[in-house]
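See structure below.
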Amino acid sequence: MPYTLPPLPFDPAAFKDFVSANTFAFHHGKHLQAYIDSANKLVQGSHYEGKSLIDVVMTSSGPLFNQAAQAWNHEFYFNCLTPEPQEIPDKLQALLKANFDSVEGFKEKFAAAAVSNFGSGWTWLMQTGPNKLKLFSTSNAGNPMVDGFTPLLTIDVWEHAYYLDYQNRRADYVRDFLKHVNWQFVTDNLK
Ligand code: MN
């Protein structure tokens with residue numbers, strides 16, 4: 001079964017103070033579609049054919065890893081977003097406080113990591129053990145799963161994620177991202 005474009009889990013026009021519907025149209029309909037198409041081409045006729053996207057991410061390398069991981073990372077990123085600001089569930093609040101001193105402290109450290117992630121990549125909140133959360137920045141298509149960690153939250157810091165709306169102002173994009181995190185999704189990812 002070829003990989004297919006997952007629908008966006010929200011109305012892309014519903015964000016009033018974040019990236020525009022135009023950005024989502026390119027990011028989801030063009031960039032993510034292209035990663036999926038390329039992953040499909042690369043698995044065709046290989047021993048990866050028929051494997052789930054996550055299996056391919058976990059076991060491939062080189063060009064196939066890049067395309068498959070970009071496909072997986074983008075679906076995860078879109079699931080991390082919600083137009084309506086959400087309260088952080090108690091369970092996650094407690095973990096953020098335990099690992100980053102406070103929720104605000106977590107947001108500041110996450111934003112600093114995302115702003116300073118050099119070039120194109122992803123900045124993650126991941127779970128590394130029971131009650132243990134860490135920040136992690138990857139370049140290009142990198143993903144903490146391949147190092148054995150559990151991704152909880154990610155922000156795409158490739159310029160295509162924000163350039164149409166924010167141009168070079170990545171810090172503003174990161175600030176507004178943090179107003180639109182789907183904290184329930186993040187909490188559901190906890191092991
Ligand atoms: Mn992207």
Side-chain angles (χ1 to χ4, degrees), residues 2-43 52-54 56-58 60-83 110-126 135-147 149-183 185-186 189:
Y3 309 117
T4 54
L5 185 70
L8 280 174
F10 46 72
D11 171 5
F15 295 85
K16 301 302 175 207
D17 54 353
F18 187 49
V19 298
S20 59
N22 192 34
T23 288
F24 282 121
F26 278 96
H27 201 181
H28 175 258
K30 303 292 183 188
H31 289 276
L32 175 52
Q33 182 71 66
Y35 293 127
I36 290 168
D37 291 347
S38 297
N40 278 325
K41 279 197 191 107
L42 289 166
V43 297
S52 69
L53 194 60
I54 198 162
V56 175
V57 171
M58 295 301 279
S60 65
S61 60
L64 176 56
F65 171 81
N66 287 338
Q67 300 298 332
Q70 281 295 83
W72 193 93
N73 291 358
H74 277 90
E75 183 173 6
F76 190 85
Y77 165 75
F78 291 130
N79 282 326
C80 287
L81 288 168
T82 177
F110 182 88
V115 169
S116 64
N117 186 351
F118 186 74
S120 297
W122 303 81
T123 293
W124 306 80
L125 174 67
M126 63 181 187
L135 296 174
F136 190 58
S137 281
T138 57
S139 293
N140 301 318
N143 182 304
M145 285 190 303
V146 297
D147 295 317
F149 303 123
T150 303
L152 302 177
L153 167 70
T154 196
I155 182 168
D156 185 347
V157 297
W158 285 60
E159 283 185 345
H160 66 225
Y162 61 89
Y163 210 85
L164 293 175
D165 305 304
Y166 293 90
Q167 294 80 45
N168 63 322
R169 293 177 290 112
R170 188 192 285 188
D172 292 354
Y173 158 69
V174 173
R175 176 199 63 205
D176 294 343
F177 170 88
L178 284 167
K179 296 175 193 163
H180 291 289
V181 173
N182 186 333
W183 296 111
F185 175 74
V186 179
N189 290 324

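The basis for the numbers below is simple: all heavy atoms, side chains too, and nothing from hydrogens, waters or symmetry mates. Remember, it's 1-based here, ligands and their atoms both numbered in the order they're listed.
Relative orientation of the Y35 and H160 rings is tilted, given thresholds of 30° and 60° on the angle between their planes.
Protein atoms that are N, O or S and lie under 2.8 Å from the Mn ion (ligand 1) are these: H27 NE2, H74 NE2, D156 OD2, H160 NE2.
Scanning for salt bridge (charged side-chain N to carboxylate O under 4.0 Å, His left out) contacts around D147 gives an empty result, with sequence neighbours left out. Residues passing the salt bridge (charged side-chain N to carboxylate O under 4.0 Å, His left out) test with K41: none are found, sequence neighbours excluded. When the salt bridge (charged side-chain N to carboxylate O under 4.0 Å, His left out) test is applied to R175, the partners found at least two apart in sequence or on another chain are D172.
You'll find the ring centres of F24 and F15 inside the 6.0 Å limit.
For the pair N117 (side chain) and A113 (backbone), a donor-acceptor distance under 3.5 Å is absent.
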